[in-house]
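Reviewing the structure listed below.
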Amino acid sequence: MIQKSRTDQDIMVAWKKMSEQKFSHSKIKKEEIMDAITNESNHAIGRLKNTILMKVYWCLFFIALLTIALVLTWGKLITSYALGTGIFIYMIGLFPMLYKYFDLKEEGPVFDSILMSMKHEHKMIRSALRMETIWGMFFLPVCLILGFISGLDSTGEFVCRISEPKILFLLITILCVGTPLLYLLTEKMNKKAYGAEMKKLESNIAKMEVFA
Amino acid sequence: MYLLGNHNRKLTLATGIENEFIKKIHAHEGIIHKVLGLYVDNRDELEDVKQEVLLQTWKSSKNFRGQSAFSTWLYKVSLNTVLTFRKKDKSSFTSELDDSILNKQEEKDAKEHHELLYLIIKTLDEIDRMIATIYLDGYKNIEIAKITGMSANQINVKVYRIKNTIKTKFKNYTS
């Protein structure tokens with residue numbers, strides 16, 4: 001019993017010495033704090049916010065581009081429909097992205113405990129990644145098809161050619177191959193960029209949730 | 001020279017809120033040093049994580065309403081940041097040390113108890129290391145449960161096991 005309490009005391013003394021001697025050799029300077037608070041975060045949520053902002057810009061760019069094309073090709077019925085649909089689709093893509101951008105809060109623990117903060121972060125990262133995957137999977141093949149249809153219309157025989165088995169087969173192939181391919185590609189890219197963090201978060205949450 | 005000028009400009013522009021924040025950080029910086037020391041090995045990495053901890057603390061300071069002590073809250077932010085932060089080469093920097101490191105340490109200088117304790121804590125996994133750090137800093141089990149978000153029962157069991165692990169290893173290498 002005496003031995004046990006002596007070990008306890010030794011540990012507490014060692015802890016105190018460790019806190020005083022091992023970690024306190026470099027004081028945090030005022031400049032360091034000011035620099036840090038004006039810097040950009042390298043945290044997963046901060047980086048995700050930036051990638052979502054990039055996609056918002058891409059959406060705006062395509063909306064502007066398609067609108068210009070629509071004005072320039074005004075009168076060609078099928079092309080106008082295709083471009084109009086494209087603008088509409090990018091508008092649909094833009095709003096959830098904007099919503100997600102403002103929804104992602106970079107502040108650290110907004111909750112009372114570390115576990116709740118970690119769960120919240122995990123949920124936010126997962127939902128943002130899911131949105132990115134849907135964006136990549138849905139909007140890019142649709143874009144390809146719209147471009148293809150616009151190209152067909154320039155030949156002036158859209159109705160005839162769209163019903164050709166060869167063209168139909170090509171469109172279906174773009175959809176059937178492009179969609180899962182882009183899904184896999186975006187999944188892989190997200191995994192590469194955020195997989196390690198998500199795995200670490202999931203593992204720590206699991207360790208904290210499971211009763212020992 | 002530019003950097004110095006830049007710093008000075010920033011310092012003169014520091015608002016009252018920022019100055020108050022800086023004061024609080026200075027008063028409790030030991031917590032940040034301790035957390036970083038126990039979770040980050042690489043010196044370059046340490047600077048990055050320190051900056052991130054300070055940034056997250058600053059951003060979260062808007063949510064701090066004084067329900068708990070600043071030190072407790074700083075612990076939460078620092079631990080949360082190191083537990084969710086990832087280093088640039090995309091691997092985890094908080095991986096635990098192998099027990100064999102203790103044998104080497106024992107051969108070197110078994111008399112340095114604080115070095116030994118440091119290594120023992122570093123052999124624990126991330127979550128156990130977090131609990132050990134808060135426990136050794138004098139927090140009660142119920143407070144640890146509040147900080148971490150784990151149940152009180154879970155913390156009681158965890159603290160008991162961690163204490164035993166640390167004590168056993170400490171005794172083995174010092175006796």
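Excluded from the calculations below are hydrogen atoms, water molecules and symmetry mates; all remaining heavy atoms, backbone and side chain alike, are included. Numbered from 1 within each chain, the chains take letters A, B, ... in sequence-line order.
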> A/M118 and B/T84: which non-hydrogen atoms are nearest, and at how many Å?
Replying inline: CG-CG2, 4.0 Å
>> I need the minimum non-hydrogen distance between A/D35 and B/Q51, along with the two atoms involved.
In response: CB-NE2, 4.4 Å
>> Pair A/K30, B/N19 - check side-chain contact (heavy atoms from CB on, under 4.5 Å), show working.
In response: CA-CA 9 Å; A/K30 193 174 180 179; B/N19 279 325; 3.4 Å; yes
> In terms of heavy-atom contacts, does CG of A/L60 have more than 12 from other residues, nucleotides or ligands at under 6.0 Å?
Replying inline: yes
> Of all heavy-atom pairs between B/I121 and A/M18, which one has the smallest distance, and what is that distance?
Replying inline: CD1-CE, 4.1 Å
>> Quick check on the structure: residues of residues 130-140 of chain B within a heavy-atom distance below 4.5 Å of chain A, by number.
In response: B/M130, B/T133, B/L136, B/D137
> Could you state the interatomic distance from NZ (A/K207) to NZ (B/K158), rounded to the nearest 0.5 Å?
Replying inline: 8.0 Å
>> Are there over 12 heavy-atom neighbours, none belonging to B/I142, within less than 6.0 Å of that residue's CD1?
In response: no
> Most heavy-atom pairs under 4.5 angstrom with chain B, which of A/V13, A/I11, A/L201?
Replying inline: A/I11
> Say you draw a straight line from CH2 of B/W58 to CE of A/M34; how long is it, rounded to the nearest 0.5 Å?
Replying inline: 7.5 Å
>> Looking at B/F70, I'd like to know if its CZ atom is crowded, meaning that more than 12 non-hydrogen atoms belonging to other residues, nucleotides or ligands lie closer than 6.0 Å.
In response: yes
> Do you know which of B/L55, B/T57, B/L54 makes side chain to side chain contact (heavy atoms under 4.5 Å, CB included) with A/I33?
Replying inline: B/L54
>> Counting only non-hydrogen atoms closer than 4.5 Å, does A/M12 touch chain B with its backbone (N, CA, C, O), its side chain (CB onward), both, or neither?
In response: side chain
> Do you know which two heavy atoms are closest between B/H26 and A/K29, and how far apart they sit?
Replying inline: NE2-C, 4.1 Å
> Quick one: of B/K50, B/E47, B/K163, who has the most non-hydrogen atom pairs under 4.5 Å with chain A?
Replying inline: B/K50
> Using non-hydrogen atoms only, which part of B/K146 is less than 4.5 Å away from chain A: side chain, backbone, both, or neither?
Replying inline: backbone
>> The criterion is salt bridge (Lys or Arg N to Asp or Glu O under 4.0 Å); which residues satisfy it with A/D10, sequence neighbours excluded?
In response: none
> Which residues pass the side-chain hydrogen bond (donor to acceptor under 3.5 Å, both in side chains) test with A/S127, sequence neighbours left out?
Replying inline: A/K100
> Can you tell me how far CD1 of B/I22 sits from CD of A/E32, rounded to the nearest 0.5 angstrom?
Replying inline: 11.5 Å
>> Can you list everything that forms a side-chain contact (heavy atoms from CB on, under 4.5 Å) with A/A14? Sequence neighbours excluded, please.
In response: B/H113, B/H114, B/L117, B/F170
> Got a second to check how far A/L115's CG is from B/N80's CG, nearest 0.5 Å?
Replying inline: 10.0 Å
> Can you tell me how far OG of A/S117 sits from CG of B/L79, rounded to the nearest 0.5 angstrom?
Replying inline: 11.0 Å
> Taking atom OG of A/S19 and atom CD1 of B/I31, what is their separation to the nearest 0.5 Å?
Replying inline: 10.5 Å
>> With a 6.0 Å cut-off (strictly less than), is the heavy-atom count around CE of A/M131, excluding the residue itself, greater than 12?
In response: yes
